[in-house]
*Asks:* 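First, the structure itself, so that you have it in front of you.
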Amino acid sequence: MTYHPASPTMKSAAVVNYAPEKGSVEVREIEKPTIGPDDVLLEVANVGVCGSDLHQWTADHSWPVNYPVVLGHEFGGHIVEVGKEVEHWKEGDRVVSETAAIISKDNPMTRRGLYNLDPTRKGFGYGVNGAMTKYVRVPSRILHHVPDQLPFEQACLTEPCCVAYNAVVKNARIEPGDRVIVLGPGTIGILCAAMARLCGAEVAIVGLPQDAHRLEIAKQYGCEVIIGDAKPWAQQRDGLGCDGVIDAAGASVTLKIALDIVRPAGWISKVGWGPQPLGFNIDPLVQKNITLQGSFSHNWPIWERVIALLSSGQFDVKPIIGGVWPVTEWHEAFEKMHKGEVVKSVLRPV
Ligand SMILES: [Zn+2]
């Protein structure tokens, strides 16, 4: 593997979200970041476009953004510089980075290893400059090695796979043969469906007529596809409903569907979110003794496990990758994902 560090004075093109107004994203030339003693400088090889990048672009996000900020939190590349306090990492290492760029090391959640749930956490792409550019400053505590056989175009998608792993493996309970329904065929929905297949479930993924293309891709993971009413599939085995529902839709109203199709004593893992208030009765949650579990982000052991799954080929992200664009063509990459023409767009720096 070769890498070519550029001159220290060179500026690089970056996809910058510069203001809260809709459409406030443009390519700007930025300075190479300087690093602190505990950081590395990572030369980005590839960076995935996330739904959250699209939400900041279309200004329908619900988290605080430090404008102007370089977008992108799904990335991998080579280390080109190492801070003086950093141990165990060296120039040339192939790595991916987690998203929790800033955390409080004394927060009780951090001390439990659940720094992803530290309320003071700030991530790449909204809290600090992200990776849709050539160089990004990364604290060494969130780096993971990437084996040579795993190309960066795939490795950069470790992050959404970790979101799926947490929602499907850690925050749900699947036994082989369970029937699981996934609501929402975005990146996270499809990856959750694939992860549930890996756990031995029979899986159906539910979408709308305009999701047909993305649902076709879910079929490559051995999932059944439902457009419209999921209840007949849920009830197929014994009439009581499916064992679990993974709600990966971006509108919380789908919780109503989940409560309806899950069997008594079943579970709902909710990973999709949207700020809309709900206007329905949640008594079925009580009456059916349903476990409703939120799932947010991921932490170090999940990353190690997902990299192992990607490297061994047990988990394959190739079907979701719709193309690789230079960062200067971010608009086309964003637009195609926004329209649902591709499940996942990947960028590379110029
Ligand atoms: Zn993401």
Side-chain angles (χ1 to χ4, degrees), residues 15 17 25 42 44-58 60-66 69-77 95-103 115-117 121-133 136 138 142 144 152-168 170-171 184-195 214 246-250 270-274 294-300 302-303 306-307 310 315 317 320-322 324-325 327 330 333-334 336-338 340 342-348:
V15 182
N17 182 198
V25 172
L42 194 154
V44 179
N46 286 108
V47 49
V49 179
C50 181
S52 64
D53 298 309
L54 299 182
H55 285 305
Q56 283 177 228
W57 172 47
T58 55
D60 55 356
H61 58 288
S62 50
W63 51 90
V65 178
N66 255 337
V69 72
V70 179
L71 290 172
H73 61 265
E74 303 176 356
F75 62 102
V95 294
V96 284
S97 168
E98 298 183 32
T99 54
I102 297 176
I103 53 167
Y115 51 86
N116 52 316
L117 303 178
R121 164 190 118 121
K122 287 191 172 69
F124 293 106
Y126 68 90
V128 304
N129 278 339
M132 290 188 185
T133 185
V136 58
V138 179
I142 49 172
H144 296 264
F152 281 121
E153 283 175 15
Q154 296 166 41
C156 74
L157 303 182
T158 306
E159 196 269 343
C161 296
C162 290
V163 171
Y165 190 95
N166 201 18
V168 173
K170 293 289 182 191
N171 284 316
T187 302
I188 298 300
I190 292 174
L191 292 175
C192 283
M195 203 62 84
R214 296 190 295 182
I246 297 155
D247 185 349
K270 190 166 177 352
V271 61
W273 50 340
S295 186
F296 182 70
S297 191
H298 32 65
N299 64 354
W300 197 90
I302 294 176
W303 277 72
V306 167
I307 291 167
L310 291 170
F315 197 75
V317 290
I320 66 163
I321 300 174
V324 181
W325 288 264
V327 286
W330 67 273
F334 278 38
K336 280 198 181 290
M337 222 173 115
H338 190 57
V342 302
V343 175
K344 191 61 149 181
S345 297
V346 171
L347 302 178
R348 59 178 161 78

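All ligand and atom numbering here is 1-based and tracks the order in the structure.
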*Asks:* The test is side-chain contact (heavy atoms from CB on, under 4.5 Å); show your working for Val317 and Leu191 and say whether it passes.
*Replies:* CA-CA 8 Å; Val317 290; Leu191 292 175; 4.2 Å; yes

*Asks:* Between Arg348 and Glu153, does the salt bridge (charged side-chain N to carboxylate O under 4.0 Å, His left out) criterion hold? Intermediate values first, please.
*Replies:* CA-CA 9 Å; Arg348 59 178 161 78; Glu153 283 175 15; over 6 Å; no

*Asks:* Suppose the cut-off is 2.8 Å; which protein N/O/S atoms would you list for the Zn ion (ligand 1)?
*Replies:* Cys50 SG, His73 NE2, Glu74 OE2, Glu159 OE1

*Asks:* State whether the number of non-hydrogen atoms from other residues, nucleotides or ligands found under 6.0 Å of Trp273 atom CH2 is greater than 12.
*Replies:* no

*Asks:* Please confirm whether Tyr165 and Phe315 have ring centers closer than 6.0 angstrom.
*Replies:* no

*Asks:* Kindly assign one of parallel, tilted or perpendicular to the pair His144 and Trp303, based on the angle between their ring planes and the thresholds 30° and 60°.
*Replies:* parallel

*Asks:* Checking His55 against Asp60: is there a side-chain donor and acceptor pair closer than 3.5 Å?
*Replies:* yes

